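So the structure is just underneath, and the comments pick up after that.
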Amino acid sequence: MNREVSERVHILFFPFMAHGHMIPILDMAKLFASRGAKSTLLTTPISAKILEKPIEAFKAQNPDLEIGIKIFEFPCVELGLPEGCENGDFINSYQKSDSGDLFFKFIFSTKYMKHQLESFVETTKPSALVADMFFPWATESAEKFGVPRLVFHGTSFFALCCSYNMRIHKPHKKVATRSTPFEIPCLPGNIVITADQANVADEATPMGKYMKEVRESETNSFGVLVNSFYELEPAYADFYRSFVAKRAWHIGPLSLSNREFVEKAGRGKKANIDEQDCLKWLDSKTLGSVVYLSFGSGTNLTNEQLLEIAYGLEGSGQNFIWVVRTNGNQGEDEEWLPERFEERTTKKGLIIRGWAPQVVILDHKAIGGFVTHCGWNSAVEGIAAGLPMVTWPMGAEQFYNEKLLTKVLKIGVSVGATEKVKKGKLISREQVEKAVREVIVGEEAEERRLWAKKLGEMAKAAVEEGGSSYNDVKKFMDEINGSK
Ligand code: UDP
């Protein structure tokens with residue numbers, strides 16, 4: 001590789017502009033900075049505003065470490081996108097009927113940044129470029145200047161292996177209906193799923209073609225960084241390295257690179273609750289007695305579904321913190337709350353409308369379970385916090401992550417979702433009530449809790465000096481520094 005090796009490893013981090021991608025990549029940039037690299041995040045103006053505050057806080061605490069942002073232009077209107085549509089958050093708050101098409105258009109438009117990326121890579125000559133999977137064109141851009149491109153998918157080894165085997169063997173094409181269960185071939189663990197749950201893009205569609213480019217760019221890239229730790233999913237980490245990617249490094253859980261309270265509280269958006277008030281509320285509850293419900297940064301639930309959750313929670317009799325995202329599509333007219341719900345549940349429940357300081361909450365000893373949509377960041381944050389989970393996948397690769405939590409790790413109780421949320425099938429109040437009780441109450445819950453706690457300890461050990469993720473960070477840095 002004809003590249004000058006500078007003294008300090010300099011890594012560029014280029015996240016897709018949505019919270020579920022920016023949050024772990026910022027964590028990663030901080031992690032590598034704390035291990036001696038210079039980290040530069042590349043992003044668009046609105047996303048830079050979201051990243052600036054946590055970066056400043058990190059720099060204030062670690063004045064010797066190097067981390068910064070380079071802003072790329074992204075002229076939405078010229079690109080045929082609505083003003084300000086340079087972040088996934090915008091798309092989520094946009095009219096529901098438009099959001100699917102707009103999301104794809106937004107993804108395809110990101111190629112506009114290729115030229116800016118190339119001139120930055122040419123002038124800075126970084127040691128490596130870690131670019132989001134949604135930027136397949138970045139492999140070629142890095143290669144032009146002899147810079148290794150790393151892919152970040154933001155999901156588990158398990159989900160990556162499921163996707164691979166689905167693509168290669170196409171078992172969903174051999175079943176009678178979309179709801180007929182089948183086993184994912186060649187994958188360890190006898191994992192059974194349906195076509196309605198699997199995440200396979202149709203290659204005839206524009207998005208399917210784009211995903212093909214994503215896979216090709218992975219094959220041609222230098223390797224893959226994974227937000228996981230080896231002990232969590234060894235069979236799948238081994239499978240992935242043997243059959244899917246040339247090189248992969250496990251460097252997670254990335255959320256654990258946030259050591260200080262301000263870092264944990266400052267991830268993503270500004271919280272819609274005072275963190276201290278939230279902690280005070282949790283302090284008033286007994287150990288492991290509160291269930292935390294949150295469905296990530298992008299899910300839109302109908303008022304009807306929110307109403308079922310409310311009744312289910314009340315019926316379960318458990319303490320809860322429930323995060324309801326308020327945006328153009330849900331949660332603003334309050335029709336989703338049964339009459340006098342908050343009055344009746346005032347002692348037991350707390351509703352956060354908007355954004356919650358998730359890892360601060362998950363780490364509190366009063367939390368006993370996490371109802372999650374199985375977005376990988378949330379799932380691995382729950383694992384790192386040592387929590388059992390109620391799994392409620394809604395789309396993307398979340399059904400795969402559910403199988404990992406329920407069937408492989410056995411720390412999850414499924415709420416019983418059979419298909420993606422956009423199809424509109426409701427999860428009933430009875431299903432919510434049952435799953436919430438099952439994760440908090442009884443002997444099996446206790447066993448699950450002990451095992452989840454053990455996994456949480458293993459997660460923390462993995463990122464400490466000498467742990468598997470700690471060591472893989474070092475291996476990766478040595479490799480890109482050419483000193484292997
Ligand atoms: N998150 C948060 N507060 C919220 C909602 C989400 O801090 O109210 C964070 C969460 O901790 C996670 C990320 O946003 O790091 C969501 O990523 P995930 O992969 O779980 O789901 P996505 O939003 O991509 O569907």
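Not measured: the values here are computed from a predicted model. Each ligand, and each atom within it, is numbered from 1 in the order the structure gives.
- Protein heavy atom nearest atom 20 (O) of ligand 1, with residue, atom name and distance: Ser378 OG, 2.6 Å.
- Separation of the Tyr240 and Phe158 ring centroids does not fall under the 6.0 Å cut-off.
- Both the backbone and the side chain of Gln358 come within 4.0 Å of ligand 1, counting heavy atoms alone.
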Start with the C-alpha distance between His373 and Phe295, add both sets of side-chain angles, then the distance that settles ring pair (Phe, Tyr, Trp, His ring centres under 6.0 Å), and finish with yes or no.
CA-CA 5 Å; His373 72 312; Phe295 305 111; 7.0 Å; no
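- Near Val323, meaning under 4.0 Å from any of its heavy atoms, are these atoms of ligand 1: 8 (O).
- For atom 3 (N) of ligand 1, the closest non-hydrogen atom of the protein is Ala356 O, 2.7 Å.
- Scanning all protein heavy atoms for the shortest distance to atom 19 (O) of ligand 1 gives Asn377 ND2, 2.8 Å.
- Taking the six-membered ring where the residue is Trp, Tyr230 and His250 present tilted rings, their angle falling between 30° and 60°.
- Counting heavy atoms closer than 4.0 Å to ligand 1, residue Lys269 contributes nothing at all.
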Are Phe13 and Phe152 close enough, and set up right, to give a ring pair (Phe, Tyr, Trp, His ring centres under 6.0 Å), and what steps lead you there?
CA-CA 10 Å; Phe13 295 90; Phe152 181 65; 9.5 Å; no
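- Distances below 4.0 Å separate heavy atoms of Trp376 from the following atoms of ligand 1: 19 (O).
- Of the candidates Thr299, Ile23, Val359, Val360, it is Ile23 that places a heavy atom closest to atom 9 (C) of ligand 1.
- No side-chain donor-acceptor contact under 3.5 Å links Ser39 and Lys30.
- Between His364 and Tyr292, the ring center distance fails the sub-6.0 Å criterion.
- The single protein non-hydrogen atom nearest to atom 23 (O) of ligand 1 is Ser297 OG, 2.4 Å, given as residue, atom name and distance.
- Put simply, part of Arg267 is less than 4.0 Å from ligand 1, judged by heavy atoms.
- Among all non-hydrogen protein atoms, the one lying nearest atom 5 (C) of ligand 1 is Trp355 CZ3, 3.6 Å.
- The side chain of Glu381, and not its backbone, has at least one atom closer than 4.0 Å to an atom of ligand 1 (non-hydrogen atoms only; side chain from C-beta on).
- Geometrically, ligand 1 and His373 share a nitrogen or oxygen pair separated by less than 3.5 Å.
- Of all atoms in ligand 1, listed by their number and element, those nearer than 4.0 Å to a heavy atom of Gly20 are 17 (O), 24 (O).
- Here the side chains of Lys270 and Trp355 are not in contact, with every heavy-atom distance at 4.5 Å or above.
- Classified by interplanar angle (parallel below 30°, tilted 30° to 60°, perpendicular above 60°), the ring pair Trp322/Phe320 is perpendicular.
- Taking the centre and axis of the six-membered ring of Tyr470, the NZ or CZ atom of Arg35 falls inside the cone set by 45° and 6.0 Å.
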